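Let me begin by presenting the structure, written as structure tokens, before commenting on it.
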Amino acid sequence: MSRLVIVSNRVADLRKKTQTGGLAVGLADAIRSRGGLWFGWNGKIEAEIPDEPSVTEIGNVKMVSAPLTREDYDCFYVGYANSVLWPLFHYRLDLVRNQDEAYAGYRRVNAYFARMLAQQLQPDDVIWIHDYQLLTMALELRRLGCRQRIGFFLHIPFPPHDVLSASPHHQDLLDALLSHDLVGFQTETDLENFRNCLEHIEHPDRAEAEADAFPIGIDVDDFAKLAHHASDDVLLDRIRRGILGRAQIIGVDRLDYSKGLPERMRAFNRLLELYPEHQRAVSYLQIAPPTREDVSAYSDIRRELEGLAGAINGRHADFNWTPVKYIHRNVAREKLASLFRTSNVGLVTPLRDGMNLVAKEYVAAQDPENPGVLVLSHFAGAAEQMREALLVNPYDTDGVAKAIHHALAIPLDERQARHAALLKRITEHDAQWWLETFLERLAGCEHPASSPALKGPRLAAI
Ligand code: ADQ
């Protein structure tokens, strides 16, 4: 079997038994079980970049990583990846800060990563690059003469041509994507958008990259097991709610404007206005740890959310009932799992999301005999697979409030039927399925780098 080389912006710490975040868990398991190499930024900022990456061996896995300079970090990571590509790919042109300097930094870091990795490659390696920080790395690898198979998976949405083409660099980015043998997306919608964008550009190599949708999954059994062992404080809380006859709605998201958090708070407020019977009977627990605080849009959303939570509590709270419980930090995975299990409604209402693993984790954590109900945004990639959730438009405040009201009233047999269908689908399409399907497809790609028909800019570049 060829050696697997995984490339992601950050390398996971394989010495830690549990990774945070579904992606790190899936990839860490894959590379641990079959061996290979993992390359990425080591998270450090140093005065100068080295000539060679640092290499450590953990079992049969080679961990290869390299630092960034402050300037590279500011341009590549903060400036371009998170202030241009993230909003652009989430359809938020209003938040895009287009800067040529940041783009130059992005290209420079992708080229630097390619140089660092190229030194470590063996001829029959299979390379799998992940996500929007590394869109142009394969192009740079090809320029360095790398002829190995290269696959790419985009974890975030791919926007329609009308949105993408607002970027002055969109043609370059599309060209770079075509340097892969296989480009994977989360959903059919993303795939269609990509195909549509290609129709608008002139590219002699167009037919060479294969593309398809590979919806990412979670390790369902593992998460279900975690949910079984509730800590004492979670159990006590559930018992207390049981005695008082109170229901709990839960939301768990990184504090990101794509997750629709202010819209969700407003919908909860509307629920209490439209259906006063939920006063003192329902609480909403939102866990939202901070991320990317060096990008201003993130501190803005944090302030907005804190203001909203305070206003709702100020207006509706009673001395023994707090309607909104807002936790602004990370929570251990096992605790999250048991909180999902003891919550009647899982509220997952992003304005736009590649997949959204929380939707799948909420379903995996439920007691099949007495499951809660998932309320899910149409605009989460997960909605393509999870039709039995209550699907909502997150921009429609009253609509979301009505859906929550409906979710709280669904009888047991209907809850069981919806949950069984959802559980079946996420089990069939779990993390292992995602990984194997992508890698099998990549192995089966007609490999252009070894083909005599190699032509166009790629030939010129090599
Ligand atoms: P994210 O935008 O980070 O991922 P998501 O898919 O929901 O979004 O994954 C978040 C992960 O972090 C989940 O496993 C969740 O349990 C965990 N998490 C969230 N809040 C937490 C907290 N307070 N404490 C502990 N853990 C927490 C990106 C894309 C998604 C895509 C994934 C995977 O934006 O659309 O589904 O990659 O491809």
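One-based numbering along the sequence shown. Every number for a ligand or one of its atoms is a count from 1 in the order of the listing. Owing to the predicted nature of the structure, the values given are computational and were not obtained by experimental measurement.
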Heteroatom proximity flag, [X] to ligand 1, N/O under 3.5 Å:
X: Gly354; answer: yes
X: Val331; answer: yes
X: Trp86; answer: no

Side chain, backbone, both or neither: which part of Asn330 comes within less than 4.0 Å of ligand 1 when only heavy atoms are counted?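 It is both parts that get close, each with some atom under 4.0 Å.
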
Closest to [atom] (judged by heavy-atom distance), picking from [options]:
atom: atom 31 (C) of ligand 1; options: Gln186, Gln286, His130; result: Gln186
atom: atom 35 (O) of ligand 1; options: Ile218, Leu357, Asp353; result: Asp353
atom: atom 8 (O) of ligand 1; options: Arg329, Met355, Lys259; result: Lys259

Above 12 or not: heavy atoms from other molecules or residues under 6.0 Å from NE2 of His406?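 Yes, enclosed.
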
What closest approach, in Å, do Phe379 and Pro394 show between heavy atoms, and which atom pair accounts for it?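 Scanning both residues, the minimum pair turns out to be CD1-CD, 3.5 Å.
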
Could you tell me if the ring centre of Phe153 sits under 6.0 Å from that of Trp434?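 Centroid distance Phe153-Trp434: below 6.0 Å, so yes.
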
Is it true that Lys335 and Asp233 have a side-chain N and a carboxylate O under 4.0 angstrom from each other?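 A salt bridge is present here (some side-chain N lies under 4.0 Å from a carboxylate O).
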
If only side-chain N and O atoms count, and only distance matters, is there a donor-acceptor pair under 3.5 Å linking Arg264 with Gln286?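 Arg264 and Gln286 do have a side-chain donor-acceptor pair below 3.5 Å.
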
